[in-house]
Amino acid sequence: MLRVRFAPSPTGFLHVGSARTFIFNWLYARHNRGTVVLRLDDTDVDRNTDASVTSIFDGLRWLDLGWDEEYKQSERLALHRQIADAIFQKGLAYRDFTPAHAGETEKSGVNQTWLFNPGMRELPRTESDLRAAAGESFALRFRVPRGTGEQVRFADAVYGEQIKSADDIEDFALLRSDGMPTYHLASCADDIDLHISHIIRGQDHLSNTYKHVLIFEGAGAKPPQFAHLPLLVAPDGSKLSKRRHGPVVSVTTYRDAGFLPEAFINFLCLLGWSPKDDRENMTRQELTDAFSLEGIHRANAVINFKEPAATPEETFDPKALWLNAEHIRGLSIEDLSARLLPVMHAAAFPITPEKMHAVTPLIRERIKLLRDVLSAADFFFVDQLPPYDPAELIPQKGDAAMALKVLTRGREVLAQVEFKHDPLDQALRAAAQELGLKAGQMFQPIRVAVCGRKTAPPLFETLQVLGRETTLVRIEQAVSKL
RNA sequence: GUCCCCGUCGUCUAGCCUGGCCUAGGACAUCGCCCUUUCACGGCGGUAACACGGGUUCAAAUCCCGUCGGGGACGCCA
């Protein structure tokens with residue numbers, strides 16, 4: 001039975017790299033009718049936050065993929081200690097009584113190869129037992145084979161055969177001096193206990209995997225199949241981080257900006273994986289059908305967002321925007337309308353589903369993000385048009401007098417004609433001819449009068465949705481500005 | 001510092017394993033044209049890449065070596 005797991009640690013929001021890891025795991029499981037396990041890796045009590053748990057679930061729920069089983073690592077400590085003890089009893093681990101932080105080599109100062117604390121690895125078991133019994137605190141370290149020329153190896157489904165000399169692996173910790181398991185131990189212990197068959201995760205774990213293989217084997221378990229994913233990096237090639245790159249790395253930012261979850265998933269899939277047949281716009285089902293570990297590449301992928309970020313339009317990767325627009329265009333009017341409505345409501349436009357449904361076809365080809373509805377369709381919903389420059393009313397190669405003439409005649413025509421596409425089309429074209437103007441010269445002043453701007457959906461459909469009353473009032477107001 | 005991974009258009013990628021079909025294909029972005037009542041959609045076309053240097057071979061983006069460049073891991077964080 002195929003079983004995969006996604007194991008985020010609740011020390012921050014769900015970021016795009018993690019989201020992709022989750023998606024790949026999900027796709028792989030669904031493709032092979034396997035099981036998706038969600039496991040919160042929360043053994044670092046000091047850094048876990050409820051806000052982070054909330055953010056992760058928010059992001060995951062928005063993705064709407066779901067999972068089959070759910071666990072919290074902090075509730076499984078007995079298992080972790082049991083496995084640590086088993087490894088210790090086999091002589092594959094030893095107590096390290098060196099006080100924590102004795103070396104004071106924090107993250108920044110790591111430029112020397114540390115393998116183990118002298119004196120501790122060789123400590124006789126009797127002395128070790130004595131000191132432990134006396135209450136002295138210790139960390140439990142794995143006794144990595146040293147000086148034996150031994151090699152640790154595993155086959156990665158993406159990166160191929162991986163081999164490392166055991167002499168290059170440090171004696172990593174299994175248990176901290178407070179008795180809590182480290183990530184390496186807890187992760188492997190749970191993977192064993194939960195019968196995880198495939199570990200699909202970021203490439204930043206590739207060199208940790210040797211340690212994990214050692215733990216699996218030390219615990220008497222067969223290591224699962226590993227598949228490491230190329231990293232998602234910023235345009236400058238650096239690792240994505242909230243500090244440096246801001247909200248663009250958080251999944252909820254995409255949700256709030258009006259991405260469709262299926263488009264976001266589609267976009268992420270194309271980063272580091274390819275169906276190899278030039279397809280790009282794909283549904284969840286198509287992705288599931290096409291997904292395989294063979295399609296994953298090895299080089300990091302840059303997510304091409306703009307560093308400082310001005311408008312959402314400029315912030316996001318252009319391809320993500322394009323894909324989102326593609327997915328929006330692929331939605332039915334009903335579906336899109338239903339997704340647009342909450343966006344309008346959130347922005348305090350108290351509109352009805354009927355009105356939204358009428359407007360949706362006019363903007364479907366014109367928005368890239370759901371949020372764009374606010375700027376693309378606002379004039380349909382406001383009582384009073386925001387102020388605009390009256391000069392906008394003046395048509396191409398025309399003047400204020402022409403604009404006035406168009407609006408005056410337009411008002412007369414629109415007071416009579418039936419507010420449907422074809423009659424509007426005929427009546428306004430006839431009026432243009434009558435005034436000796438080009439159609440565009442006729443339409444533009446009316447468009448600006450009713451929309452408050454030059455760029456808008458096609459005129460006749462717009463008028464039809466707006467209705468006669470609003471149209472005439474707005475033309476009236478435009479005339480008074482000239 | 002030690003160990004590991006990676007390197008095709010600006011970006012995402014196909015091709016690499018199983019050398020010749022590659023005068024390197026697609027997509028986004030960009031530029032131009034067409035469609036057109038504005039915008040958008042759509043259609044057509046252009047610019048643009050095998051990191052570099054050596055081999056091997058009749059033939060290399062594809063195989064080998066080296067250089068350079070980028071990234072990752074090295075914590076009683078995950």
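Below, chains carry the letters A, B, ... as their sequence lines are ordered, and counting in each starts from 1. Note that the structure is predicted; figures quoted are calculated from it, not measured.
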Sugar-phosphate, base or nothing in reach of T43(A), heavy atoms under 4.0 Å: sugar-phosphate
H212(A) NE2 - A73(B) C1' separation (whole Å): 11 Å
Distance below 4.0 Å between R366(A) side-chain N/O and C41(B) OP1 or OP2: no
Sugar-phosphate, base or nothing in reach of N304(A), heavy atoms under 4.0 Å: sugar-phosphate
Residue pair N324(A) / Y254(A), side-chain donor-acceptor N/O under 3.5 Å: no
N or O in side chain of K319(A) less than 4.0 angstrom from C12(B) OP1/OP2: no
Sugar-phosphate, base or nothing in reach of P457(A), heavy atoms under 4.0 Å: base
Residue-phosphate contact under 4.0 Å: R429(A) side-chain N/O, U37(B) OP1/OP2: yes
Length of the line joining D42(A):CG and C77(B):C1', which is rounded to integer Å: 13 Å
Atom-pair distance (CG on L232(A); P on G72(B)), nearest Å: 13 Å
Nucleotide nearest P318(A) when distance is taken to its side chain, options C28(B), C4(B), C76(B): C28(B)
Criterion side chain to side chain donor-acceptor pair (under 3.5 Å) against S74(A), the qualifying member of D44(A), D42(A), D41(A), T43(A): D42(A)
Cation over ring face, K481(A) and Y388(A), 6.0 Å, 45°: yes
Gap in Å between the two P atoms, one belonging to C21(B) and one to A60(B), rounded: 11 Å
Polar side-chain contact N208(A)-A78(B) base: donor and acceptor under 3.5 Å: yes
Side-chain donor/acceptor of S177(A) to base of C76(B), under 3.5 Å: yes
Between F443(A) and F460(A), ring centroids under 6.0 Å: yes
Listed nucleotide nearest any side-chain atom of S207(A), set U11(B), A14(B), A73(B): A73(B)
Residue K164(A), side-chain heavy atoms: nucleotide from C6(B), C3(B), G42(B) that is nearest: C3(B)
Touch class at under 4.0 angstrom, heavy-atom based, for Q441(A) against every strand present: nothing
Sugar-phosphate, base or nothing in reach of L459(A), heavy atoms under 4.0 Å: base
Position toward the 5' end of RNA chain B (nearest nucleotide), D178(A) or I163(A): I163(A)
Touch class at under 4.0 angstrom, heavy-atom based, for F138(A) against every strand present: nothing
Atom pair distance, as rounded to whole Å: CZ in F443(A) and C1' in U37(B): 5 Å
Side chain proximity check, D335(A) to R339(A), heavy atoms < 4.5 angstrom: yes
Phosphate-side-chain proximity, K276(A) and G15(B), N/O vs OP1/OP2 below 4.0 Å: yes
Between P of C17(B) and CD1 of I296(A), the distance in whole Å: 21 Å
Shortest side-chain distance from D317(A), nucleotide among C41(B), U11(B), C39(B): U11(B)
Heavy-atom donor-acceptor pair, N300(A) side-chain to G70(B) base, under 3.5 Å: no
Touch class at under 4.0 angstrom, heavy-atom based, for G202(A) against every strand present: nothing
Spacing of the C1' atoms in C35(B) and G43(B) (rounded, Å): 8 Å
For atom CD of Q73(A) and atom P of C77(B), their distance in whole Å: 13 Å
Sugar-phosphate, base or nothing in reach of K239(A), heavy atoms under 4.0 Å: sugar-phosphate
Salt bridge (Lys or Arg N to Asp or Glu O under 4.0 Å) partner of D171(A), the single match among R143(A), R121(A), K211(A): R121(A)
Complementary nucleotide for C28(B) - Watson-Crick or wobble, under 3.5 Å: G10(B)
Modelled atom types, side-chain donor and acceptor of R201(A) and T209(A), under 3.5 Å: yes
Options C6(B), A78(B), G72(B), nucleotide nearest the side-chain atoms of L231(A): G72(B)
Sugar-phosphate, base or nothing in reach of R447(A), heavy atoms under 4.0 Å: base
Short side-chain N/O contact to C16(B) OP1/OP2 from H297(A), under 4.0 Å: no
Integer-rounded Å distance: C5(B) C1' and H205(A) NE2: 15 Å
Shortest side-chain distance from D168(A), nucleotide among C4(B), C6(B), U2(B): U2(B)
Sugar-phosphate only, base, or nothing, as touched by P458(A) at under 4.0 Å among non-hydrogen atoms: base
Sugar-phosphate, base or nothing in reach of R329(A), heavy atoms under 4.0 Å: sugar-phosphate
Closest listed nucleotide, where the reference is the side chain of D278(A) and the choices are U37(B), A78(B), G25(B): G25(B)
Sugar-phosphate only, base, or nothing, as touched by A301(A) at under 4.0 Å among non-hydrogen atoms: sugar-phosphate
Partner nucleotide of C63(B) by Watson-Crick or wobble geometry (both distances under 3.5 Å): G55(B)
Sugar-phosphate only, base, or nothing, as touched by E280(A) at under 4.0 Å among non-hydrogen atoms: base
Touch class at under 4.0 angstrom, heavy-atom based, for Q396(A) against every strand present: nothing
Aromatic plane relationship, F154(A) with Y210(A) - under 30° parallel, 30 to 60° tilted, over 60° perpendicular: perpendicular
Between A29(B) (C1') and F267(A) (CZ): distance, integer Å: 13 Å
Residues K319(A) and D317(A) bridged, charged N to O under 4.0 Å: no
Opposite nucleotide pairing with U37(B), Watson-Crick or G-U, both atom distances under 3.5 Å: none
